Amino acid sequence: KATESGAHYIVISTTDEGKTWKATVEKKSWGVIGAGSPSGNWDNDTVLTAQDFVDGIESYTMTGDFSTGEWKFRAGGAWDLNLGGTALTTLTVDGPNLKMSEAGKYKLTLTYDGAIWASKAEKQ
């Protein structure tokens, strides 16, 4: 059982070739990383805040200063699950790095409806 809202990985594993299975639930946060992100580097994530699920859509938000450098979304501060793309509205797993067309403070929202990852950036 997940104890709080937000992104979780359900990891199913076996050590005896499938005779028994173990499932664990791990909380994972989403963040942005990269030269164009608020951290300004590829070493430190800026974490997004998990919002409630509404109409089957999960969402995460943050507000911060972006430059025109490249950046990506990633889960849990690791590269196992990262999102990019040619546009914020159509993200893909392991997609290309993203860029803001203009530097400034943005409210960034990441959403997932069970099939499609998307985001939007609203200049503040």
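If you're wondering where the values come from, they're calculated on a predicted model, not measured in any experiment.
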From [X] [atom1] over to [Y] [atom2], what is the distance, rounded to the nearest 0.5 angstrom?
{"X": "Asp65", "Y": "Lys105", "atom1": "CG", "atom2": "NZ", "result": "5.5 Å"}
{"X": "Trp30", "Y": "Asp45", "atom1": "CH2", "atom2": "CG", "result": "10.5 Å"}
{"X": "Ser119", "Y": "Leu91", "atom1": "OG", "atom2": "CG", "result": "4.5 Å"}
{"X": "Phe66", "Y": "Leu98", "atom1": "CZ", "atom2": "CG", "result": "9.5 Å"}
{"X": "Phe73", "Y": "Leu88", "atom1": "CZ", "atom2": "CG", "result": "6.5 Å"}

Worksheet item: Can you list the steps and then say if Met62 with Val47 is a side-chain contact (heavy atoms from CB on, under 4.5 Å)?
Response: CA-CA 7 Å; Met62 59 86 56; Val47 177; over 6 Å; no
Which residues satisfy the side-chain hydrogen bond (donor to acceptor under 3.5 Å, both in side chains) test with [X], sequence neighbours excluded?
{"X": "Ser37", "value": "Ser39"}
{"X": "Asn97", "value": "Glu70"}
{"X": "Thr61", "value": "Gln51"}
{"X": "Asn41", "value": "Asn44"}

Discussion item. Applying ring-ring contact (aromatic ring centres under 6.0 Å, His included) as the test, list every pair that has at least one member in residues 91-113; sequence neighbours left out.
Written reply: Tyr112-Trp117
Worksheet entry | Nearest heavy-atom neighbours spanning Ala103 and Thr68 | N-CG2, 3.7 Å
Fill in: Where Ser67 and Met100 come nearest, the two heavy atoms and their spacing
O-CB, 3.8 Å
Results of side-chain contact (heavy atoms from CB on, under 4.5 Å) for [X] - residues two or more places apart only:
{"X": "Ile57", "answer": "Thr111, Asp113"}
{"X": "Asn82", "answer": "Lys72, Arg74, Trp79, Asp94"}
{"X": "Thr14", "answer": "Asp16, Trp21"}
{"X": "Lys120", "answer": "Thr109, Glu122"}

Practice prompt. Starting from the C-alpha separation in whole Å, work towards a yes-or-no answer on side-chain contact (heavy atoms from CB on, under 4.5 Å) for Val32 and Leu110.
Written response: CA-CA 10 Å; Val32 293; Leu110 173 66; over 6 Å; no
Worksheet item: Are side-chain heavy atoms of Leu83 and Val93 found at a separation under 4.5 Å?
Response: yes
Worksheet item: Do Thr63 and Lys107 have side chains that get closer than 4.5 Å, going by heavy atoms?
Response: yes
Item to complete: Under the salt bridge (charged side-chain N to carboxylate O under 4.0 Å, His left out) rule, collect the residues that match up with Lys123, sequence neighbours excluded.
Response: Glu102
Worksheet item: Does the Thr92 side chain pair with the main chain of Gly85, one donor and one acceptor, at a distance under 3.5 Å?
Response: no
